[in-house]
Amino acid sequence: MLGGDGIGPEVVAEARKLIDILSADHGLAVTCEEGLVGGAAYDAEGTPLPTRTLEQARLADAILLGAVGGPAWEALPYAERPERGLLGIRAALDLYANLRPAMTYPELAAASSLKPQLVAGLDLMIVRELTGGIYFGEPRGIKTADNGERTGFNTLVYSEPEIERIARTAFEVAQVRGRRVCSVDKANVLESTELWREVVTEVGRDYPDCELSHLYVDNAAMQLVRQPRQFDVIVTTNMFGDILSDVAAMLTGSIGMLPSASLNSKGQGMYEPVHGSAPDIAGKGIANPLATVLSVAMMLRYSLGEAALADRVDRAVARVIADGLRTADIYQGEGRMVGTAEMGDAVIAAL
Ligand code: IPM
Ligand code: MG
């Protein structure tokens, strides 16, 4: 358990309470350790990803991470920024498959920035490639020419095996959902994603039970805010997935509700709320812990082989929402406004 920065430790504390109850009363066999990551690790040890944390992560079946980053560390060089802690774990453990579900709870449809009738019943899954693409491509950097002019550069590169494995993940996810995959690229401009489109199409032939479509990323962004329910599974590159998953999150009414899983081929996973460290509300006890609680459910499902317990946690969350409990981010003037700990307790009670 890596709380990280900002509201990270507060929401992870609620997850910890839940896991302790699942262990004590519901037969979950798990041991937890805590570690430092991000700005908190930098302050304590001078690096956002201490060797000890990386070792803990490697040995764990699953990692639960709160959030990293904040204004205090924004001026640091790239290698020391909190984000490197997160990216370092993703890379070191080869957590290439990032699953980001976006679903609307009926009671929260009005909290969406779109009209409720457009988002009611929304249930889509973004499968984001997480360890390749422009985030990790070399060469990268900022160079200075002899005349003093500077150039910043990054490399967008995808190998066939990288595309193939994330495509397989997407089709496998689709097989247990609506069996529709939409691959998002920019194949009209970028060769790397022309290959992406080709390889996804080839892989698709192995999944004749699934329907495959392709969209350019600009159109996909538009479709997401136009008619988001047309999507089942979206598979896309690291950077497009970063952007589109924030859009999808907002459709549901609050980024405070969305969990994520980042998996490698061994079933090891890192689980995180999609929201960030929210420094503006850190320490106030008002952050929404449900994204982290739902991340625990994904962890039970994808890394710990506890699908039945995962279902119970998902149902407990649906129940507290239906009962009218609302943290500030999802409060619409109805129901009862509660803080982080009270929301966490309510989920446990609903179990
Ligand atoms: C995310 C975040 C990260 C990313 C940042 C914090 C490095 O935005 O998980 O979506 O860009 O991948
Ligand atoms: Mg992001």
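Quick note: residue numbers are just sequence positions, from 1. Predicted, not measured: the structure shown is a model, and the values here were computed from it. Read the numbers this way: they start at 1 and go in the same order the structure lists the ligands and their atoms.
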Can Arg168 be said to sit on top of Phe171's aromatic six-ring, NZ or CZ under 6.0 Å from centre and within 45° of the ring axis? no
Does any N/O atom on Arg128 come nearer than 3.5 Å to any N/O atom on ligand 1? yes
Identity and distance of the protein heavy atom lying nearest atom 4 (C) of ligand 1: Tyr135 OH, 3.4 Å
Give me the nearest non-hydrogen protein atom to atom 1 (C) of ligand 1 as residue plus atom name, then the distance to 0.1 Å. Arg100 NH2, 3.3 Å
For ligand 1, which atoms have a heavy atom of Arg90 less than 4.0 angstrom away? 1 (C), 4 (C), 9 (O), 12 (O)
Carboxylate-amine/guanidinium proximity below 4.0 Å for Glu160 and Arg165: no
Please say whether the positively charged group of Arg128, taken as NZ for Lys or CZ for Arg, lies over the ring of Tyr135, i.e. under 6.0 angstrom from the six-membered ring centre and within 45 degrees of the axis. yes
Using the side-chain contact (heavy atoms from CB on, under 4.5 Å) rule, take Asn219 and Met222 through it: C-alpha gap first, then chi angles, then the decisive distance, then the call. CA-CA 5 Å; Asn219 189 11; Met222 181 174 71; 3.4 Å; yes
Electrostatic pair Asp311-Arg315, nearest N-O below 4.0 angstrom: no
Out of His275, Glu83, Arg84, whose heavy atom sits nearest atom 5 (C) of ligand 1? Glu83
Cationic tip of Lys186 within the cone over Phe240's six-membered ring, i.e. under 6.0 Å and within 45° of the normal? no
Please walk me through it: do Glu194 and Arg197 pass salt bridge (charged side-chain N to carboxylate O under 4.0 Å, His left out)? CA-CA 5 Å; Glu194 185 187 336; Arg197 188 176 283 223; over 6 Å; no
Residue of the set Ser260, Ser303, Ser295 for which side chain to side chain donor-acceptor pair (under 3.5 Å) holds with Tyr271: Ser303
Determine whether Phe231 and Ile126 satisfy the following criterion, side-chain contact (heavy atoms from CB on, under 4.5 Å), listing intermediate values before the conclusion. CA-CA 9 Å; Phe231 295 109; Ile126 295 189; over 6 Å; no
Identify, for atom 10 (O) of ligand 1, the protein heavy atom at the shortest distance, and state residue, atom and that distance. Asp242 OD1, 2.8 Å
Using a strict cut-off of 2.8 Å, how many protein N/O/S atoms surround the Mg ion (ligand 2)? 1
Sub-4.0 Å heavy-atom approach of Met239 to ligand 1: no
